[in-house]
Structures are given as structure tokens and as C-alpha cells.
Amino acid sequence: MHTVRSRSCRSVLRAITMLLALGGTARAGVSQTPDSSKANIAQSDARTSDSASIAATEQRAELARRGAGLSVGPWNVQGLHTTQGAMYTVMPAIEGYFQKGLDLHLALETTVGLWRRTQRLTQPGSFGSDSSTESVSSYVVPLFTTLKIYPFTKPSQRLEPYMLGGIGFAIGVDDRRTNGGSGSLLSGGAQNGVALVTGFGFTGGAGVEWRFSNAFGLAAGTRYRWVRFLGDVGGDDTFKGLGFDAGITYRFQY
């Protein structure tokens, strides 16, 4: 009988202890959970707001830096071969680009350029025969992907200095025309026709852009271009030199 009573007392005491513990936990939960939940919610809302603000800023910058442009200027190509008695004419380099914004200070350009050099040689005929002429027009078409950096300014500013650098492919074209010549300008005979050669290259430079309206602006700068072909273009396989360009720019509106 005594054993049964002691077991009952221990059971009652255990039950009371469990109830008291549960009650304390409940009171702690009631008193602490709302405050901690509010703090966690506030922190989460702050982080979400900051992330949304950063994302919105980056998106506006990407949109604001989208654009296109066209420039023209001399490209002083060094080390090209010459033929005695030949005449040479050089067309200024022309380049067009489309620009995609990456963030406040970066943009990615896709550029297509064109440069031409024409060689012309006239030789007098012998023993009463007609003179002969030979001309070769050589075109260099670089296709570059360029990273453009605006280190000091944001898209909203009108005057923006920039630096750029990029790599890509190139196409070389030779257009040869002869009239009774012997192929003195280039090796390989005097056959008429067009020949294509592929190559690769890089470019780097700096400049400044001034926008006189929300959409349109002017740009001027200097660029070094280096292009290497897998075969000869106009008698040379490497075209390198410093160039200067100026042109008009356009920023897409959003």
C-alpha cells in the first residue's frame, strides 16, 4: 500500500513539474516571440528593400547606357610594303557600334569597322604597245567585342570620359584589276578577281563623349588597332597603328 502511494506521489510531482515547465515555456513564448518576430521581419524587409533598390539602379543603368554610334578618322597603319612607281590612296577608317549597358560604369560594344588602301601602278608599253595598269584595293574589316569603362561618371552626366579595350575577328579583302600588266604590285601573278582572308586582332584606346541632348551626342578619341591575317592582304599580313576618330552617338530612350 505504501509503495502504491509513493508511486502516485511521484507521478503527481512529475506531472506538476511538467505542467510548470510547459507553462514557463508558454509564458516565455508569449513574452518573447512577438518582439523577435517583428525584428526578424524588419530585418528581412530591409534586406529585400536594399536588394530591390540595387536591382532597380542596375537596371536603369543598363537601359541608360544602351546606344549606337558611327565614327570616322585616320588610321596610321605602320610597316606596309610599297612598290616603286606605284600610287597609294588610303580611305579613313569608319566604325559603327551597338552598345549594351552592364552597370553604372561599364558597357559592352559590338563594333564593325572598314579601312581601305588602294595601290595603282601604270607601266608604259614597249615598242609602240599600249601601257598597262594594275590596281589592288585592299579592305580590312575588323569585328571586335569591346569593353567600355566610364570610370568617373554615371549615365545621367553629359560629359563622360571613357577607356576601352577588346578583341575579335577580322576579314581581309583584295580586289585586283589588271589591264595587260604583269602582276608587279603583288606576288602571285596578275589575275583579276576578289580574294578573302580571315584573321584576328585587338584594340584599345580612350576618348570622351559629350551629349548635347538626352539622345544624341558627339564623341572623339584615339585607338590602337592590331590585326593579323592568316594570309597576305595587299601584300601584308599585319596591320597595326594608332588611329583617331570622331563621330556621333545615340542613346536609346526608355
Side-chain angles (χ1 to χ4, degrees), residues 68-99 108-123 131-148 164-205 207 219-249:
L70 182 67
S71 64
V72 61
W75 182 23
N76 186 22
V77 182
Q78 301 293 318
L80 298 181
H81 93 285
T82 59
T83 300
Q84 185 176 2
M87 298 178 60
Y88 296 89
T89 58
V90 177
M91 182 188 77
I94 300 173
E95 188 170 70
Y97 72 87
F98 289 96
Q99 178 172 300
L108 195 66
E109 281 187 357
T110 300
T111 65
V112 179
L114 176 66
W115 179 83
R116 184 189 68 190
R117 180 187 190 228
T118 300
Q119 309 173 59
R120 186 179 182 88
L121 180 63
T122 301
Q123 295 178 329
S131 61
S132 62
T133 60
E134 179 186 5
S135 67
V136 179
S137 293
S138 303
Y139 299 85
V140 176
V141 185
L143 309 168
F144 290 153
T145 298
T146 304
L147 184 65
K148 200 170 187 178
L164 56 84
I167 60 175
F169 299 97
I171 300 173
V173 182
D174 268 345
D175 184 7
R176 175 182 290 188
R177 296 287 181 266
T178 61
N179 179 18
S182 59
S184 301
L185 281 175
L186 304 179
S187 60
Q191 297 179 354
N192 292 332
V194 176
L196 299 177
V197 182
T198 58
F200 58 94
F202 67 85
T203 183
T222 178
R223 301 190 185 195
Y224 182 84
R225 299 179 181 91
W226 182 93
V227 176
R228 169 70 59 84
F229 290 105
L230 303 180
D232 284 350
V233 177
D236 297 280
D237 63 356
T238 302
F239 294 77
K240 59 183 179 180
L242 190 65
F244 300 90
D245 55 75
I248 190 168
T249 66

Just so I know, are the side chains of Lys148 and Gln99 near enough to count as touching, which here means a heavy-atom distance under 4.5 Å?
yes

Stacked cation flag Lys240 on Phe202, 6.0 angstrom / 45 deg
no

Return the minimal non-hydrogen interatomic distance between Val197 and Gly231, and the atom names on each side.
CG1-N, 3.3 Å

Assess, by modelled atom type and distance only, whether the side chains of Thr122 and Thr133 contain a donor and an acceptor separated by less than 3.5 Å.
no

Non-hydrogen side-chain atoms of Asp174 and Val136 separated by less than 4.5 Å:
yes

Value rounded to 0.5 Å, distance of CD1 in Ile248 from OG in Ser71:
11.5 Å

Consider only side-chain N and O atoms of Arg228 and Thr238, and report whether a donor and an acceptor are under 3.5 Å apart.
yes

Side chains of Arg225 and Glu95: closer than 4.5 Å at any heavy-atom pair?
yes

Donor-acceptor pair, side chain of Gln119 and main chain of Gly234, under 3.5 angstrom:
yes

Return the minimal non-hydrogen interatomic distance between Gln84 and Leu121, and the atom names on each side.
O-CD1, 4.1 Å

Any side-chain heavy atom of Phe144 within less than 4.5 Å of one from Ile167?
no

Around Phe98, counting heavy atoms of other residues, nucleotides and ligands shown, do more than 12 lie under 6.0 Å from its CZ?
no

Report yes if some heavy atom in the side chain of Leu147 is under 4.5 Å from a heavy atom in the side chain of Glu109; otherwise report no.
no

Run the numbers on Phe169 and Thr145 for side chain to side chain contact (heavy atoms under 4.5 Å, CB included), then give the verdict.
CA-CA 9 Å; Phe169 299 97; Thr145 298; over 6 Å; no

If I take atom CZ from residue Arg176 and atom OG from residue Ser137, how far apart are they, to the nearest 0.5 angstrom?
11.5 Å

Give the C-alpha distance, both sets of side-chain angles, the deciding distance and a yes or no for side chain to side chain contact (heavy atoms under 4.5 Å, CB included) between Thr249 and Tyr97.
CA-CA 9 Å; Thr249 66; Tyr97 72 87; 3.4 Å; yes

Backbone N or O of Gly241 within a donor-acceptor pair of the Trp75 side chain at under 3.5 Å?
yes

Within the 4.5 Å heavy-atom criterion, are Leu143 and Thr111 side-chain neighbours or not?
no

How long is the straight-line distance from CE of Met91 back to CG of Leu114, given to the nearest 0.5 Å?
4.0 Å

Residue that, paired with Leu242, satisfies side-chain contact (heavy atoms from CB on, under 4.5 Å) out of Val77, Asn76, Thr222
Thr222

Assert yes or no for the condition that the ring centre distance of Phe229 to Phe200 is strictly below 6.0 Å.
no

Steps toward side chain to side chain contact (heavy atoms under 4.5 Å, CB included) verdict (Val173, Val194):
CA-CA 7 Å; Val173 182; Val194 176; 3.7 Å; yes

Can you name the closest pair of heavy atoms from His81 and Gly235 and give their distance?
CE1-CA, 3.8 Å

Hey, does Leu70 have a side-chain heavy atom less than 4.5 Å from the side chain of Ile94?
yes

Worked verdict on Trp226 versus Phe239 for side chain to side chain contact (heavy atoms under 4.5 Å, CB included):
CA-CA 6 Å; Trp226 182 93; Phe239 294 77; over 6 Å; no

At their closest point, which heavy atom of Pro92 faces which heavy atom of Val72, and how far apart are they?
CB-CG2, 4.0 Å

With a 4.5 Å cut-off on side-chain heavy atoms, are Thr82 and Leu80 touching?
no

